[in-house]
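Below: the structure, in structure tokens.
We count residues from 1, following the sequence as given. Being a predicted model, the structure only gives us computed values, none of them experimental.
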Amino acid sequence: ALKPLGPHPARAVLAAPDAWFADAYGEFRHRFCKGWELAGLLLAARRVLEEYGSLERAFAAGLSPGDETVMPALCAFGDRLSAAGCPAGHLAPNPNLDSACKRWHLYLRWMVRKDAVDPGCWESVPPSLLVVPMDVHMHRVCRSLGFTARKAANLKAALEATEGFRALCPQDPVRYDFCLTKASQAGEKIGPAAG
């Protein structure tokens, strides 16, 4: 995905003419992602970068002092990308719907948290506002821990799970995501039934 952008992806995204994105990614495909989707996301990101100077500033523009999670800012950020031409789909799901928005929350975890796993280059978003990236593995863990009883790994389950983790670590409710997801992927039993 990064190869067409060369050694300086941000510069390439900012310098490329609109038509270049569709040409560069026309044949691209990875799992569910098609080239036109990635091209649309990159082109929209460029337009947002031109307007705000950075994706962090564009995201932070949606934060308000009373926010309990990143969801209001994520909805505003999604609207900005959509207005810039980003196609809705699994790469950039609409946070206003019931999707767990796992990729968005993974991205935010990487950008906001700073530790051995997450590079944390954004400083304007507090980790306390992050939402657990919910997939089938994290959903299984959260149900075992009693953080959610929901049968679907959707946004409501992610928000309930985040509240459960926030009770353990209010300043960083997502800190357990990586290790618990990896343990679940490995088939380890987690929760009260695990003993």
inquiry  = Tell me every residue that passes salt bridge (charged side-chain N to carboxylate O under 4.0 Å, His left out) with Arg46, counting only those two or more places apart in sequence or in another chain.
reply    = Asp18, Glu50
remark   = With sequence neighbours left out, the residues meeting salt bridge (charged side-chain N to carboxylate O under 4.0 Å, His left out) with Asp118 are Arg109, Arg113
ask   = Going by side-chain heavy atoms closer than 4.5 Å, which hydrophobic residues are tied to Trp110, directly or by a chain of links?
value = Leu106
key: Linked hydrophobic residues, Phe178 as query - side chain contacts closer than 4.5 Å   = Val117
How would you list, by chain and number, every residue that makes a side chain to side chain donor-acceptor pair (under 3.5 Å) with [X], sequence neighbours excluded?
{"X": "Glu160", "value": "Thr148, Arg150"}
{"X": "Ser54", "value": "none"}
{"X": "Arg166", "value": "Glu163"}
{"X": "Tyr107", "value": "none"}

On a heavy-atom basis, which atom in [X] and which in [Y] lie closest, and how many Å separate them?
{"X": "Trp122", "Y": "Leu55", "result": "CZ2-C, 3.8 Å"}
{"X": "Pro95", "Y": "Cys101", "result": "CA-SG, 3.6 Å"}
{"X": "Leu41", "Y": "Cys86", "result": "CD1-SG, 3.6 Å"}
{"X": "Pro119", "Y": "Lys114", "result": "O-NZ, 3.4 Å"}
{"X": "Arg175", "Y": "Cys169", "result": "CD-SG, 3.5 Å"}
{"X": "Gly6", "Y": "Pro9", "result": "O-CD, 3.8 Å"}

ask   = Once the angle between the rings of Trp104 and Phe77 is folded into 0 to 90°, is it parallel (under 30°), tilted (30 to 60°) or perpendicular (over 60°)?
value = perpendicular
message = Do Val70 and Val112 have side chains that approach each other closer than 4.5 Å (heavy atoms only, starting at C-beta)?
response = no
query = Less than 4.5 Å apart, any side-chain heavy atom of His105 and any of Val174?
reply = no
About how many Å separate [atom2] of [Y] and [atom1] of [X], when rounded to the nearest 0.5 Å?
{"X": "His137", "Y": "Cys142", "atom1": "NE2", "atom2": "SG", "value": "13.0 Å"}
{"X": "Leu81", "Y": "Arg47", "atom1": "CG", "atom2": "CZ", "value": "11.0 Å"}
{"X": "Asp135", "Y": "Asp177", "atom1": "CG", "atom2": "CG", "value": "7.5 Å"}
{"X": "Leu38", "Y": "Leu43", "atom1": "CG", "atom2": "CG", "value": "11.0 Å"}

task = Find out if a path of hydrophobic residues (ILVMFWY) with successive side-chain heavy-atom gaps under 4.5 Å connects Val136 to Val132.
result = no
task = With side-chain contact (heavy atoms from CB on, under 4.5 Å) as the test, would you mind laying out the steps for Phe147 and Thr162 before giving the verdict?
result = CA-CA 8 Å; Phe147 289 168; Thr162 301; over 6 Å; no
Residues which pass side chain to side chain contact (heavy atoms under 4.5 Å, CB included) with Ala76, listed by chain and number, not counting sequence neighbours = Arg80
remark   = Across all chains, not counting sequence neighbours, the side chain to side chain contact (heavy atoms under 4.5 Å, CB included) partners of Pro72 are Asp67, Thr69
Show every donor-acceptor pair shorter than 3.5 Å between a side-chain atom in residues 20-37 and any protein atom, with sequence neighbours excluded, or say none if there are none.
from, atom 1, to, atom 2, distance (Å)
Tyr25, OH, Ala1, O, 2.5
Glu37, OE1, Lys34, N, 2.8

inquiry  = According to ring pair (Phe, Tyr, Trp, His ring centres under 6.0 Å), who are the partners of Tyr176, at least two apart in sequence or on a separate chain?
reply    = Phe165
